[in-house]
Protein chains: 2
Amino acid sequence: MRSNFRTSGQSELTVTEAARRAQILRHTIDVVAERGYAGASLNRIAEHTGISKGLISYHFKGKAALLEALVTDVFQRGGEFVLEGWAAELSPESSPRTMLRAYLEGNLAFIASHARDVGAIVEVIRNHRDAEGRLVFGNVWTEDLYGDLIQIFEAGQAAGEFRRFDPRVMAIAVRRVVDGFTFQVMGSPDVDAAAFTAEVVALFDHATTPMERS
Amino acid sequence: MRSNFRTSGQSELTVTEAARRAQILRHTIDVVAERGYAGASLNRIAEHTGISKGLISYHFKGKAALLEALVTDVFQRGGEFVLEGWAAELSPESSPRTMLRAYLEGNLAFIASHARDVGAIVEVIRNHRDAEGRLVFGNVWTEDLYGDLIQIFEAGQAAGEFRRFDPRVMAIAVRRVVDGFTFQVMGSPDVDAAAFTAEVVALFDHATTPMERS
DNA sequence: TACAGTTTTGACCATGCGGTCAAATTTTCG
DNA sequence: CGAAAATTTGACCGCATGGTCAAAACTGTA
């Protein structure tokens, strides 16, 4: 009997253990994406994975731990994906406008290629609550993710490249539109990601640029 | 024993019956807003309302019917609210830009003054599924609501007032930002609704206007 | 082979769920 | 008043949930 559950370190994991955990996580993503948060019972996840329910409890301390591992996993992969894109596109001193564009393109590209993962994570973040009914991931989503955008906007305004607007409101708008893309992709997998991305980039390009009416 | 459940007509409702239904709906909104969709059990709603669980079943055919009544109710009140605003602000032939502005102001004003209601409705629409796991309100939300915006955008483009963009993508963006305001209000009730509205109006004003870079 | 450690199962538990119903209560009205 | 109708309760049912655990099966290795 091994009674220790890792939360972050990938150190002392058996090959079997790591493989099982990954397998369970993959199937959990599938079930959440297909049946929603409420429909993702341990029974259904186990059945979908082809294992017994008890085995999930063996590898994860409880349902909460499983969902938290799910969120951490996708979040991390998403972050890496976007960062790789940035490394390829951005020179050390790119303009804020270029950075905004890269931000949008990176995020939307990840969503387009990982719709199920992002859909699942969003579902969990939105619904997972503790015993007292408080959203567990409520603030994480919000505050951590707005920071990057706000920085870009403030830099752009300082450089005179962006018009004057409330960076916080603009950041909220960007995240809402980006996250919304998830449902477009999940709803109809044939959406034209490139076209949507181009439209969104143009939208925020115009939204941030000083206007000179004719 | 009266065994008929009304779905639309308000005709043959006892005073008591109408009052109870309204009371139950109000408390359901509260519970959903506070504890989320999953936390809104009939037991909790009954307790919150101060009645027995059986009474809910007496006035509503089942939980599904209750939630659908909830959605219909808020949806209708919201629609009336926005339409009243339009009647006051819009002349018969207002410009598309004015209409877009009125659309945003009307929607955001309703959300600001009815955050709990809108929060509850969004929660239900997002999570309520039938036995097979399909979202019950999935398309309702989407298609019905985009129509108005798309019309405005197409009119504006035809009149040369708006730049060329995909009306559908812009409509999605508008709805996402508008709906997102709900969570801002619910998260911190002290948000400055007027300021947020002004920012959003400016955002989409710029986003829809042809750009003439300096 | 035998043994220790690990992984896996399947039966079981308490809990809360949505829903039903006979009985009790309140209202309506002749 | 008193009977009929409408309203309300509280106990109860079957079911699915998350979780536990002893036993079984599967490793590897001495």
Side-chain angles (χ1 to χ4, degrees), chain A residues 1-6 11-25 27-28 31-32 35-70 124 127-133 136, chain B residues 1-6 11-25 27-28 31-32 35-70 124 127-133 136:
Chain A
M1 166 83 77
R2 295 178 63 258
S3 61
N4 54 332
F5 293 94
R6 321 249 141 258
S11 45
E12 310 171 28
L13 290 179
T14 314
V15 186
T16 325
E17 196 169 2
R20 267 273 183 263
R21 284 178 64 106
Q23 183 197 20
I24 293 173
L25 280 180
H27 285 275
T28 304
V31 174
V32 172
R35 312 285 307 228
Y37 176 83
S41 67
L42 290 185
N43 263 312
R44 219 178 324 244
I45 293 171
E47 185 188 8
H48 196 279
T49 312
I51 60 178
S52 71
K53 183 180 57 169
L55 192 50
I56 297 181
S57 296
Y58 177 75
H59 288 285
F60 295 92
K61 187 177 170 183
K63 195 183 185 182
L66 171 61
L67 294 176
E68 279 152 29
L70 196 250
V124 173
N127 290 293
H128 186 43
R129 295 173 185 253
D130 62 20
E132 286 80 27
V136 174
Chain B
M1 166 81 80
R2 294 178 64 258
S3 62
N4 54 331
F5 293 92
R6 320 250 143 258
S11 45
E12 311 171 27
L13 290 178
T14 311
V15 187
T16 324
E17 195 169 3
R20 266 274 183 264
R21 283 178 66 105
Q23 183 198 20
I24 293 172
L25 280 180
H27 284 276
T28 304
V31 174
V32 171
R35 311 285 307 228
Y37 176 84
S41 68
L42 291 185
N43 263 312
R44 208 159 356 224
I45 293 170
E47 187 188 8
H48 196 277
T49 312
I51 60 178
S52 71
K53 184 180 55 168
L55 192 50
I56 297 181
S57 297
Y58 176 74
H59 288 285
F60 295 92
K61 188 176 169 182
K63 194 184 185 182
L66 171 62
L67 294 175
E68 279 151 30
L70 197 248
V124 172
N127 289 293
H128 185 44
R129 295 174 185 252
D130 62 20
E132 287 78 29
V136 174

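Here is how names work: the chains are called A, B, and so on, in the same order as the sequence lines, proteins then strands, and each is numbered from 1. What you see below is based on every heavy atom in this structure, not just the backbone, and it leaves out hydrogens, waters and symmetry mates.
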I need the [atom1]-[atom2] distance between [X] and [N], as an integer number of Å.
{"X": "B:D130", "N": "C:dG18", "atom1": "CG", "atom2": "P", "result": "17 Å"}
{"X": "A:R35", "N": "D:dA16", "atom1": "CZ", "atom2": "P", "result": "12 Å"}
{"X": "B:H59", "N": "D:dT9", "atom1": "NE2", "atom2": "P", "result": "9 Å"}
{"X": "A:I45", "N": "D:dG18", "atom1": "CD1", "atom2": "C1'", "result": "11 Å"}
{"X": "A:I51", "N": "C:dT8", "atom1": "CD1", "atom2": "C1'", "result": "9 Å"}
{"X": "A:K53", "N": "D:dA16", "atom1": "NZ", "atom2": "C1'", "result": "9 Å"}
{"X": "A:L55", "N": "C:dT9", "atom1": "CG", "atom2": "P", "result": "6 Å"}

Looking only at side-chain N and O atoms, does [X] come under 4.0 Å of OP1 or OP2 in [N]?
{"X": "A:N43", "N": "D:dT17", "result": "yes"}
{"X": "B:Y58", "N": "D:dT7", "result": "yes"}
{"X": "A:R44", "N": "D:dA16", "result": "no"}
{"X": "B:S41", "N": "C:dC17", "result": "yes"}

* Check: D:dG19 base within 3.5 Å donor-acceptor of A:K63 side chain -> no
